[in-house]
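Order of the sequence lines fixes the chain letters, A, B, ..., with proteins taken first and strands second; residue numbering starts at 1 for each chain. Since the structure is predicted, the reported quantities are computational estimates derived from the model, not experimental observations.
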Amino acid sequence: MKYDAAAIERKWQKIWDEQSTFAVSIDKAKPKFYALVEFPYPSGQGLHVGHPRSYTALDVIARARRMQGYNVLYPMGWDAFGLPTENFAIANKIHPEKVTEKNVERFKAQLKSLGLSFDWSREINTTDPDYYKWTQWIFLQLFKRGLAYKKEMAVNWCTSCRCVLANEEVVAGVCERCGGEVVRRVKSQWMLKITEYAQRLIDDLDLVDYPERVRVQQINWIGRSDGAQVRFETTAGDPIEVFTTRPDTLFGATYMVIAPEHPLIEKWAGILENIDEVKAYQRQAAKKSDFERTEIAKEKTGVELKGVRAVNPVNNRETPIFISDYVLVSYGTGAIMAVPGHDTRDWEFAKKFGLPIVEVVKGGDIEKEAFTDCETGIMVNSGFLDGMTVENAKKAITDWLVQKGLGEHKVNYKLRDWVFSRQRYWGEPIPIIICPNCGFVPLDEEELPLRLPMVESYEPTESGESPLAAISDWVNVRCPECGGDAKRETDTMPQWAGSSWYFLRYTDPHNDKELASKGALQYWLPVDWYNGGMEHTTLHLLYSRFWHKFLYDIGVVPTPEPYAKRTSHGMILGENGEKMSKSRGNVINPDEIIKEYGADTLRLYEMFIGDFEKAAPWSSTSIRGCRRFIERVWTLQEDVLPDENIRAELETAFHRTIRKVGEDIENLKFNTAIAALMALLNDVNETGSITRGELRVFLILLNPFAPHVTEEIWENLMFSGQISQQQWPEYDEQKCIEQTIEIAVQINGKVRSRVTIPADSDSGQAISAAKADEKIVAAIAGMQIVKELYVPGKLVNIVIKK
RNA sequence: GCGGGUGUGGCGGAAUGGCAGACGCGCUGGCCUUAGGAGCCAGUUCCACAACCGGAGUAAGGGUUCAAGUCCCUUUGCCCGCACCA
């Protein structure tokens, strides 16, 4: 019988579909397990060979857990709003809805051809009005609690997408998505107050099991700094507030720097002696994007504000004030006290402008470079702080500032509020009405969903307004409060909106009363295991944790964190070790792999390719090994002994493999789980035959990785039921132990021989057996034995000297 | 610069401080075959050897230990993230 992967896979996919084998409902008698993978953006290119790595991994876990008695939810859906679809629609004059529909159809067929055990009855789509109704509902709740607000602000404007980007979407000065130039533009934008959750987003990382690199990245992104806010009086009368993490160095502050955009400059315009020079510097700074300011302007520049001086509160000394673009208006107070002795940037600036550098922490050589060490230094030239450690001085000076009313302890975050508006068509409309009398009026929840209007043209406008602004009969409405003429908000939400809560909807996807029922949320949350890419660590993960925490606060969800455990897979690279991309010409198409080898081989290979968490290059020769393995398994059924047991000679091997495969799946070590199955098959083949009992266990262990072929063999052998409904085999710890073992015998740590001894030998027995070995006899003859030890089951080491 | 990770055969990669290189690819030889990009058997870290017995070996150097790929220190390469964040 020839192994016909295509026919077998088609057959079983159809059966699973027709019988809804993997559909799940609440069953309180069983422990629940919620496995989640990031839902894809259904792009025009179709599935990439990288997608199945994540999907198969959690499919393996889901399938194994089902057989282990868990009630498993493993859902899939579509994150379908987004610019590529909109751009494709514009270019080809097809409505984005149609484009999405077509892409989803293709993706779905591809996913089904992989034999993934998704519960398709729970499929969701973020562009479905029944779905985005609840995305809009969540926005209204944020608005009603003051966490969504509109603000006139400088934003990142992608000149190519003609659209606003969140800070997180700007990478190295260009648009993360299209690579287009990003410039600053002042626009009125909807913002979400994620900063209000900054501390909890750090603290609650303790409640969850995330990989260290994900934890660290989130913490760094939020960027908490502990310090003090200090007020410096000026000769102009208006004080300058600064934030510093080193209040201990206050005595060393020899000048001040404020950002070019700082509002005091405008206020002081009349008294500045060199206002023209200052204005010129401001204009120059404004022209630079943030990227240029950080990348190109490594050399410090700046202009002194002549005519105003600041007063250092600790010693009442007057110091000059500069403006310089190395101080960012968006962080802290937009102004700093400069301590050139102990801050590298201030040191460079002071050197360039010939400003005094005062040592206030002893331990370095401030002539050569700034001394920034906080661990070892001792305070000097600092009045009442002299002799203290940096740590103590920070406390002492902060207390002093508080007491004098000059400052306070202060925590700052790098995290900015989330820019939530997009001036595009293909997104969730923001359900707000703008009334000239009443301001921003939320749409009545009864009117949700606020549907996207059908339009002729969804081209972005040159003015930077959303295409929706041109649809007058949609835009013009009556104000729900005063009944006067009003307009709808025409901005739409970013793509991150729909993906910030999708895992909640899966628990109750057809509910039209609530985003999901309390009962469903109570039963299924939190997500037990969420796998996704590292690229979503600072965006999607942070945003969805924020939304979830908000929903927790208003009593909608029962858990403070959405995902109990997060893992991330490495990328699959091209054969040349480079990232797969069309332009590099190294893209592998999963459809073709399935055609040539079958889905089971593809699944097996993607799990076997290497360490799951690391990037791995594709190899079109290595995959053949996985196909050969499946063929050898297929051959087993041709000659099966009727015995329903495992033969004694293979008992240990089987029990060990059951243990290893189970443990490895839990630990994401799919590659070694498969290696163990291959090794077991080799052991079986050495005996020249297999029993029904052995094959039965073997097929169940292999099933999560290669579900189709194992079902087929299961059926051919007339085992009862379907393999996916079987129970995972149990192992007996006792039976994992061999009767006799071969141990190494070392002389001074080097292996000199091997002996076979009973597994239960004690130390004395093992050592005498070792010393009876003829090679060892020869080695220790005439030598003095210093030490002998036995590591049970492993080795004997005899330490000798002359 | 800061933070995280990582360095093992020709390749992907295995090794709770206890026999380095499991498993697979590739390669070599043999069998089978009209044929082989099929299958089966054997071999495959490097050096040396007819073979046995050996020697060296996990980026480099040092240390702890009966025993180190694994733990500690120093150096170094690569990958990822953040980066004038006061």
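The partner of C40(B) is G30(B), by the rule that a Watson-Crick or G-U pair needs both atom distances under 3.5 Å. Across all strands shown, G54(B) forms a Watson-Crick or G-U wobble pair with C47(B), both key distances being under 3.5 Å.
To the nearest whole angstrom, the two P atoms, one in G54(B) and one in A59(B), are 26 Å apart. A38(B) and G55(B): their C1' atoms are spaced 42 Å apart (whole Å). Distance check on atom P: U34(B) versus C52(B) gives 37 Å, rounded to whole Å. The separation of G63(B) from G26(B), taken at their C1' atoms, amounts to 40 Å, rounded to a whole angstrom. A gap of 12 Å separates the C1' atoms of U8(B) and U70(B), to the nearest Å. Spacing between A22(B) and G43(B) at atom P, rounded to whole Å, works out to 12 Å. Taking atom P in both A14(B) and C71(B), the straight-line distance is 16 Å, to the nearest Å. Spacing of P atoms, G57(B) relative to G21(B), comes out at 16 Å, to the nearest Å.
Summarising the geometry, the separation between CG on L415(A) and P on G81(B) is reported as 19 Å, rounded to the nearest angstrom. For the pair E575(A) CD and C25(B) P, the interatomic distance rounds to 16 Å; values are reported in whole Å. The distance from atom CD1 of I609(A) to atom C1' of C23(B) is 15 Å, rounded to the nearest whole Å. One interatomic measurement links the two molecules: NZ of K414(A) to P of A83(B), which rounds to 7 Å at whole-angstrom precision. Distance M783(A) CE to C66(B) C1': 15 Å, rounded to the nearest Å. Protein atom CE of M337(A) is 12 Å distant from nucleotide atom P of A86(B), rounded to whole Å. Note: CZ (R628(A)) to P (G24(B)) measures 10 Å, nearest angstrom. As a whole-Å value, the separation of R53(A) CZ from G12(B) C1' is 11 Å.
Using a 4.0 Å heavy-atom criterion, one finds that V791(A) contacts the bases of the nucleic acid, with or without backbone contacts as well. Among the heavy atoms of the strands, none lies under 4.0 Å from E788(A). Here A338(A) lies out of heavy-atom contact (under 4.0 Å) with every strand. Note on E631(A): nothing from the nucleic acid sits closer than 4.0 angstrom, heavy atoms only. Using a 4.0 Å heavy-atom criterion, one finds that R632(A) contacts the sugar-phosphate atoms exclusively. Residue K410(A) is out of contact with every strand shown, counting any heavy-atom pair closer than 4.0 Å. Residue N682(A) is classed as a sugar-phosphate contact, given heavy-atom separations below 4.0 Å to backbone atoms only. Residue contacts shown for R627(A) are absent, as no nucleic acid heavy atom lies under 4.0 Å away. Here T244(A) lies in heavy-atom contact (under 4.0 Å) with sugar-phosphate atoms only.
Listed nucleotides: G12(B), C84(B), G3(B). Nearest to the side chain of N220(A): G3(B).
Dashed line: the shortest gap from a side-chain N or O of S225(A) to OP1 or OP2 of A86(B) is under 4.0 Å. Phosphate contact (OP1/OP2 of A14(B), side-chain N/O of N671(A), threshold under 4.0 Å): present. When the side-chain nitrogen and oxygen atoms of K750(A) are compared with OP1 and OP2 of A68(B), none of them lie within a distance under 4.0 Å. Residue R624(A) has a polar side-chain atom (N or O) positioned under 4.0 Å from OP1 or OP2 of G26(B).
A donor atom on one side chain and an acceptor atom on the other are found under 3.5 Å apart for R224(A) and Q199(A).
For G9(B), the glycosidic angle deviates from 0 by 90° or less, giving a syn base.
Checking each of E212(A), E38(A), E613(A) against R566(A) for a salt bridge (charged side-chain N to carboxylate O under 4.0 Å, His left out) leaves exactly one that passes, namely E38(A).
Under the 6.0 Å distance and 45° angle rule, K300(A) does not count as a cation-pi partner of F349(A).
RNA chain B is contacted by both K660(A) and D346(A); K660(A) maps to the nucleotide lying nearer its 5′ end (nearest heavy atom per residue). Residue-to-nucleotide proximity on RNA chain B shows that, of I743(A) and E596(A), the 5′-proximal contact is made by I743(A).
Looking at K614(A), its side chain has no donor and acceptor atom pair within 3.5 Å of the base of C79(B). If you check distances only, the side chain of N797(A) does reach the base of C66(B) with a donor-acceptor pair under 3.5 Å.
With contacts defined as side-chain heavy-atom distances shorter than 4.5 Å, the pair W634(A)/D4(A) does not qualify. Looking at heavy atoms from C-beta onward, L542(A) lies in side-chain contact with I222(A) at the 4.5 angstrom threshold. Side-chain contact between I741(A) and T756(A): absent, with no pair of heavy atoms (C-beta onward) separated by less than 4.5 Å.
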**OP:** Mind running ring-ring contact (aromatic ring centres under 6.0 Å, His included) on F608(A) and F670(A) for me, showing each step along the way?
**Re:** CA-CA 6 Å; F608(A) 187 63; F670(A) 307 109; over 10 Å; no
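Ion pair K395(A)/E391(A) not flagged as a salt bridge, since none of the NZ, NE, NH1 or NH2 atoms sits closer than 4.0 Å to an Asp/Glu carboxylate oxygen.
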